[in-house]
Number of protein chains: 2
Amino acid sequence: MTMNMNDLRNMFRERQYKMTSQRQTILQAFIDNPAQHLSAEDIYGIVRKESSELGLATVYRTLELLSELEVLQKIDFGDGRHRYEINETSSLHHHHHLICVLCGKVKEFEDDLLETLENAVALKSNFKIIDHQLKFYGYCSECRDKVES
Amino acid sequence: MTMNMNDLRNMFRERQYKMTSQRQTILQAFIDNPAQHLSAEDIYGIVRKESSELGLATVYRTLELLSELEVLQKIDFGDGRHRYEINETSSLHHHHHLICVLCGKVKEFEDDLLETLENAVALKSNFKIIDHQLKFYGYCSECRDKVES
DNA sequence: CTTAGTGCAAAACCTTTGCAACTCT
DNA sequence: AGAGTTGCAAAGGTTTTGCACTAAG
């Protein structure tokens with residue numbers, strides 16, 4: 001299932017990375033804020049509000065590290081900054097994003113149906129596919145009401 | 001089919017935008033370089049090589065404008081800059097991107113199969129979906145050889 | 001002639017990096 | 001002790017903006 005603090009500690013030990021309080025705090029922020037698509041600045045804000053000391057550069061370095069380790073997944077909604085979420089290793093949790101073009105709200109959508117498509121693409125394209133990302137753009141229910149009225 | 005210079009002129013007239021030589025040159029650069037995912041800097045380079053005068057700020061402003069008009073589509077491959085391609089209005093030309101995680105090469109993939117999924121998502125989510133974007137990550141044929149050997 | 005668009009340089013952002021100080025193991 | 005990590009400030013890269021000037025309708 002989802003990464004927890006002990007898993008992280010073990011991953012770090014294996015690779016001789018050090019488990020620092022900053023790294024713990026950052027992972028904890030993701031655990032405390034599920035399904036939030038947090039940016040570096042978001043994390044920085046969350047952690048500082050909880051009165052922990054932390055430099056912004058450290059946030060960037062940690063997000064980079066955790067992405068390489070595939071603890072986090074980097075996503076891009078085109079709003080000029082990178083965003084991250086905990087990488088659900090269980091493929092059952094593969095989900096996609098619905099982005100409202102009016103208010104910018106991002107909703108999640110669970111899905112497995114893409115596996116078939118992925119196989120077809122792999123065959124035709126000669127790519128060995130390891131991951132996919134699917135985004136839908138449209139109007140969320142609230143904004144749709146505004147538009148239609 | 002794809003946008004041409006006259007279509008653009010008409011769109012501009014309708015909205016009282018002005019058709020300037022810079023805007024023409026920029027659209028022309030997209031027409032001359034199909035399937036290229038050009039960044040602002042790319043366009044700037046292409047145009048200047050052809051000895052036309054043009055400021056980088058104008059490129060950014062024009063790309064923004066053409067995206068709003070849906071003449072261009074903004075895409076993001078996570079390489080730190082926005083990229084654009086001509087928006088194929090014909091849904092037959094809906095295509096997706098295969099991104100190699102090793103060499104960064106981007107290949108295109110044609111597809112219609114997503115319509116079904118889109119409908120399912122619309123129903124379940126209460127979103128009115130107007131567009132989607134699908135990216136596959138993996139190893140291209142060349143890089144796969146390197147990895148497997 | 002009027003309004004929109006351009007170019008330049010400066011500013012604004014987000015992200016990365018060099019380096020001395022620090023802290024896990 | 002020793003290697004990795006942090007924080008700060010500076011640098012880098014992309015994108016945006018203010019303003020005087022220019023060009024399209």
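All chains are named by letter (A, B, ...) in the order of the sequence lines, taking the proteins before the strands, and each is independently numbered beginning at 1.
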**Message:** Assess the residue pair A:Ile43 and A:Asn33 against the criterion (side-chain contact (heavy atoms from CB on, under 4.5 Å)); give the C-alpha distance rounded to whole Å, side-chain angles, the decisive distance to 0.1 Å, and a yes or no.
**Reply:** CA-CA 10 Å; A:Ile43 292 291; A:Asn33 296 273; over 6 Å; no

**Request:** Find which nucleotide of DNA chain D each of B:Arg81 and A:Leu54 is nearest to by heavy atoms, and output the residue with the more 5' nucleotide.
**Result:** A:Leu54

**Message:** Given A:Asp42, which partner from the list A:Arg83, A:Arg81, A:Gln36 fulfils the side chain to side chain donor-acceptor pair (under 3.5 Å) test?
**Reply:** A:Arg83

**Prompt:** Within this structure, what is the OH-to-P distance between A:Tyr60 and D:dG13, rounded to whole angstrom?
**Reply:** 16 Å

**Prompt:** Counting any heavy atom closer than 4.0 Å, what does A:Glu41 reach on the DNA or RNA strands: base, sugar-phosphate only, or nothing?
**Reply:** nothing

**Request:** Specify the separation, in whole Å, of atom CZ of A:Arg15 and atom P of D:dA3.
**Result:** 21 Å

**Request:** Write down the distance between CG (A:Leu38) and P (C:dC14), rounded to a whole number of angstrom.
**Result:** 15 Å

**Complete:** note: B:Asp76, atom CG; C:dC14, atom C1'; distance rounded to Å ~ 13 Å

**Prompt:** Under 4.0 Å between a side-chain N or O of B:His82 and OP1 or OP2 of D:dT15?
**Reply:** yes

**Asked** To the nearest Å, how far apart are A:Gln24 CD and D:dT5 P?
**Response** 14 Å

**Asked** So, are B:Arg48 and B:Glu53 salt-bridged, with charged N and O less than 4.0 Å apart?
**Response** yes

**Request:** Take the protein atom CZ of A:Phe12 and the nucleotide atom P of C:dT23, then report the distance between them rounded to whole Å.
**Result:** 18 Å

**Message:** Within the 4.0 Å heavy-atom criterion, would you say B:Glu64 contacts the bases, only the backbone, or no part of the nucleic acid?
**Reply:** nothing

**Request:** Kindly point out which of D:dT15, D:dG7, C:dT6 is positioned nearest to the side chain of B:Thr58?
**Result:** C:dT6

**Message:** Heavy-atom nearest nucleotide on DNA chain C for B:Thr62 versus A:Gln22: which residue maps closer to 5'?
**Reply:** B:Thr62

Protein-nucleotides 19-25 of chain D N/O pairs closer than 3.5 Å?
from, atom 1, to, atom 2, distance (Å)
D:dA24, N3, B:Lys18, NZ, 3.2
D:dG25, OP1, B:Met19, N, 3.4

**Fill in**
Atom CG of A:Leu56 and atom P of C:dT15 are separated, to the nearest Å, by 9 Å

**Item:** Spatial distance of atom CG (A:Asn87) from atom CD1 (A:Ile75) [nearest 0.5 Å]
**Value:** 10.0 Å

**Message:** Testing A:Gln133, A:Lys135, A:Lys107, A:His37 one by one against A:His97 for a side chain to side chain donor-acceptor pair (under 3.5 Å), which residue passes?
**Reply:** A:His37

**Prompt:** Can you tell which of D:dT15, D:dC8, C:dG7 lies closest to the side chain of A:Ala57?
**Reply:** D:dC8

**Request:** Could you check how far CG of B:Asp42 sits from C1' of D:dT14, rounded to whole Å?
**Result:** 13 Å

**Message:** Is there a side-chain contact between A:Arg13 and A:Met19 in this structure, where contact means two heavy atoms from C-beta onward sitting under 4.5 Å apart?
**Reply:** no

**Prompt:** If you round to the nearest 0.5 Å, how far is CD1 of B:Ile46 from CD of B:Glu41?
**Reply:** 11.0 Å

